[in-house]
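Working notes for the structure below.
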There are 4 protein chains.
Amino acid sequence: MTIDLSAYSVRTDLALEARDLASSRGEIPGVHTSNFEQEGIKVSLIDITSQQGSQALGKLPGHYITIEVPALRQKDTDLQDRVATLFAQEFEKFLKKLNIAPDASILVIGLGNWNVTPDALGPLVVENVMVTRHLFELMPGQVSPGYRPVSAVAPGVLGTTGIETGEIVQGIVEKTKPGLVIAIDALASRSLERVNTTIQIADTGIHPGSGIGNKRKGLTVDTLGVPVIAIGVPTVVYASTIVNNAFDMMRSHFQKQTANTGQILGLMDGMQENERLQLVKEVLDPLGHDLLVTPKEIDQFIEDIANIIASGLNAAIHEAVDVDNVAAYTH
Amino acid sequence: MTIDLSAYSVRTDLALEARDLASSRGEIPGVHTSNFEQEGIKVSLIDITSQQGSQALGKLPGHYITIEVPALRQKDTDLQDRVATLFAQEFEKFLKKLNIAPDASILVIGLGNWNVTPDALGPLVVENVMVTRHLFELMPGQVSPGYRPVSAVAPGVLGTTGIETGEIVQGIVEKTKPGLVIAIDALASRSLERVNTTIQIADTGIHPGSGIGNKRKGLTVDTLGVPVIAIGVPTVVYASTIVNNAFDMMRSHFQKQTANTGQILGLMDGMQENERLQLVKEVLDPLGHDLLVTPKEIDQFIEDIANIIASGLNAAIHEAVDVDNVAAYTH
Amino acid sequence: MTIDLSAYSVRTDLALEARDLASSRGEIPGVHTSNFEQEGIKVSLIDITSQQGSQALGKLPGHYITIEVPALRQKDTDLQDRVATLFAQEFEKFLKKLNIAPDASILVIGLGNWNVTPDALGPLVVENVMVTRHLFELMPGQVSPGYRPVSAVAPGVLGTTGIETGEIVQGIVEKTKPGLVIAIDALASRSLERVNTTIQIADTGIHPGSGIGNKRKGLTVDTLGVPVIAIGVPTVVYASTIVNNAFDMMRSHFQKQTANTGQILGLMDGMQENERLQLVKEVLDPLGHDLLVTPKEIDQFIEDIANIIASGLNAAIHEAVDVDNVAAYTH
Amino acid sequence: MTIDLSAYSVRTDLALEARDLASSRGEIPGVHTSNFEQEGIKVSLIDITSQQGSQALGKLPGHYITIEVPALRQKDTDLQDRVATLFAQEFEKFLKKLNIAPDASILVIGLGNWNVTPDALGPLVVENVMVTRHLFELMPGQVSPGYRPVSAVAPGVLGTTGIETGEIVQGIVEKTKPGLVIAIDALASRSLERVNTTIQIADTGIHPGSGIGNKRKGLTVDTLGVPVIAIGVPTVVYASTIVNNAFDMMRSHFQKQTANTGQILGLMDGMQENERLQLVKEVLDPLGHDLLVTPKEIDQFIEDIANIIASGLNAAIHEAVDVDNVAAYTH
């Protein structure tokens, strides 16, 4: 099953954004959505159940959870704890929905590059995940109940290893035969406000070209032979995206303020979004402008969100780890 | 002598940008400029010699050197070595111009925060500066010729120390009585293409509100009692600045392409730059958009440019350190 | 008042060790000791109240607290929390004993070198101390009750700054006029088992030659004009010390096992401890053997103990910070 | 072919030490040794060509190079450059001796733990190795002559991944099919003076139980199916080893000084070395004494020696990289 996503020129790694873009054109068959909000944390569940829905969104059929926490960039440890707890609850439900057995062994893969702060999310999560697989191997029968075999690897990136991440992970999966792979990756965002405030969980795996790095091989049930849950957080945004979004915001700002229904942004008024984004890129590129950028405070943001995900994962995958004492297992 | 800079709403830490803004309105008395280019490195010298020039540029009277290297963000070690060498040569001339004695002791102050990558320039430079003052103190008369007493401190930032940086530096200057202070600081840029590609050297010191941090006390000859040379590198840029610059670029792009002398960017055509920037900020702010952002590759960029400055400083301030072997003293 | 400590050739930075060495020769006038143990944590209080006691121990008159936790090198977060709580309680009592006013401002000085792991204790503690002084300065009257003005600086070491740490601290004290200085330092231990398991608190300040670095100026009430509490943790030990201690242990091992009251360790039997240590150093030195060494796991140990001290300090110096929620303020 | 090494209770990872221990008992058949010295760098070549030689040394048959540089712990960048150059020359000869084709692809494995400084040698080398394999894969035929396909991975350690390192490496080797594996590992030393001063190169691979970590699966031609060159550097030493060595040194010190041929170290005089080491361990253990320790300056030492090995490797494995400009490729 392959779906041609190339028609969707305004690409996004987030199903939520794709749904918002598509649904502006009306109801979408085969796309089921629900959401709730809890003290500043918004959770959206999107299930894509048909080819038609998949085509409409430009996302693979599957289950998607999006956790949005606009206040996450303010250093608020209480909020962070609440997000970790909610992440754990949703992730546990997600595992049940996918029929992952409570004792299935899990391999956590932290994609990305240690030495590039906005790309270090995966390795940082791996560092704080409770690994137990070696205990099961070395002392079978002696591990306390409530734990399952968990292993965790940060395989590096193509530019520093010379090897496709997909190949390394395939090799490890073949040797260790986990029942599930969880892959954590930093994403490029379509909007500045999502950077370090949104977490997406999806059972569709990691696909070539997603994330910050240029992956050419995916991590999916097709390539690895086991289910793959992807956890992604937007940590960077293209300068051109910031500009393009700003044009939209300027226009709606003007539209609210003026009765003028004629010229608003002049020559740009008549452009399609894709056409305009293309133009913005062309204009910025010669000056070396079309950089991926990240907030100045990225060091702290990445550390905070990696702790949230690691804490949430530990509570969700080990029954014996409680969502209340989740913080004790990370640092 | 105080000059009211508040009238200049489009503030910039770079004299070169101020000169460009001001000179668009014609020749400026009391501002003398020269520049040369050498294999992709552009050096501009600006001397502001009168109150009139100072007012016109919104910068204090003094001497400014700007080194622009658009290709610096490409990891090119040869280019980096050439920039370090050129920096050393220009800095050495600068010291002579300011009549700093060859044996005057120097205190290097690395402003900024270790733990915030785009703000870590100062501390990183300090780490690679060759300090010798203690050798002169402990073994007077035994230090090899060609060195002068150099000390170096990274005093931290207000938010992590609870003390104005200016107070800490004053305390250290009073105790150690250097003949010159060199302060290194990361700056906020007015344009994305300057980020990590431009180095400014100025004999006007560091002023409240400049740089990334919120300094309320300056480091100047007035506050410290010794000459202060400031070395600054833009490492971050406001999202609003990126957007505002893009409007300009879009307009000139359209102007080149169309004979249309009427509507170009619609309602924005009639706005002053300040008015428009203000509007962009208003539009971005509610969404938490008006962040300071930095390129994704900031970890590497900061390390590279800190090495350039440290190497260049070591060669410029110690006669015995040659511009050719400058790299041997840093790592 | 100067006391010649040079007669005490087996130097130790810990009053507890000095007391143990001295008391083997009988009761010491002017030295008052008490101690208690609580779930694996041993607390000893030593007050040296007379010149005679001071001379006998080779330590300055003053108050000393020693917290010994042999199990601290095992990664046990529960134990770490209990040590932090007990540290906070004892430190609070200590402040009262010294008549430090509840609203006296405090300057925390983290001695040592960021880039040398076993010497990074002070800088790591400073990083996790809650600083508030700037809030009192910027918004007087608006800081919540239960806090006092606290500032914190890691001034670096002589080899990297070129300036005596004492001079830098003097400068800062003169500018900011705190009511109390707390200085944190890594120490060289006289015995391997103390490394990363013992914390000493003393009101005698930091003296030249103590700690790992070679300080030639002290941080004391005499040099700074305000009371100075020193917090020290042994993090390194000389190879010669390990060897010398082992000789003692071997001898008592043999003595327990044999009726032989004659030859035990042959020629070393007749030696004084100082004489023997001197010999061990002579034998090890030519081979470059007499290094300061630290346990392989030093990165983790230093982080753990720095968190304990920072958490304990935050709870002890800010009334509003509870010993129960102490961990929330550090990371 | 398996050789029981368990009889050799004084284990050492270094063939040179094993040879020295064994040769004290006379000439060893099947062990060929040569060595030379060059400006403070001593190079020893040991070839073990027979089972008899192997048994005598307790080391597998194969080729061993040992580079000893006692002055390496002094920060001397000139010396470091010379060691890197000599390492490159010897490594290049070694590749020829083993008949590794000039265009054979190489996989560099950095064993050990990023977060434990004395165990971070492997990951640090990997970070500075020039990887090229992806260029050959992505742009076949376009890579400049003089390079070969090189990949590099730091697979982590059992305690943090939950997976035997051997399994991970096997998986990667099966996927990428290199012609040679080079594995870099930190070792435990038998003597304090070797720590961070000695480099061993061997074509026998990495065996279970060697190195700092507790590997239970080896990296050898038998387990991986390709030749494995191991590069090891002692970075830690047991406290008991320091003590035991000191006893020997004390005894020979006394022997030189006295005519006394009777009692020297009393009861220890009659002990075999193994017996005595066992006793030292027993005596130290209850006190938690028998730690692995490392010099205080380990952060700098590890960085220096990792740079030497990475520079040397880059020059040796890529013909186009010259030993003279070797430093340009690392940082």
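Within every chain, numbering begins at 1; the chains are lettered A, B, ... in the order of the sequence lines, protein sequences first and strands thereafter. Since this is a predicted model, take the numbers as computed values, not measurements.
Between the side chains of A:Gln300 and A:Asp304, at least one donor N or O sits under 3.5 Å from an acceptor N or O. With no hydrogens or angles considered, no side-chain donor-acceptor pair links D:Asn196 and D:Glu297 at under 3.5 Å.
With hydrogens and angles ignored, the 3.5 Å screen pairs no side-chain donor or acceptor of D:Glu174 with any backbone N or O of A:Glu174. A side-chain donor-acceptor contact under 3.5 Å links A:Thr132 to the backbone of A:Arg148. A donor-acceptor contact shorter than 3.5 Å is absent between the side chain of A:Asn128 and the backbone of A:Ile308.
Between chain A and the options D:Thr160, D:Val153, D:Ile168, D:Ile172, the largest number of non-hydrogen pairs under 4.5 Å is found for D:Thr160. Ranked by heavy-atom pairs shorter than 4.5 Å toward chain D, the options A:Pro155, A:Ser151, A:Gly156, A:Gly159 are led by A:Ser151. Heavy-atom pairs under 4.5 Å with chain A were tallied for D:Val126, D:Thr176, D:Val150, D:Asn115; the largest tally goes to D:Asn115.
Residue contact with chain D, scored on non-hydrogen atoms closer than 4.5 Å, involves the backbone and the side chain of A:Glu167 alike. Contact of A:Leu135 with chain D is not made at all, since no heavy-atom distance falls under 4.5 Å. Both the backbone and the side chain of A:Thr161 come within less than 4.5 Å of a heavy atom of chain D.
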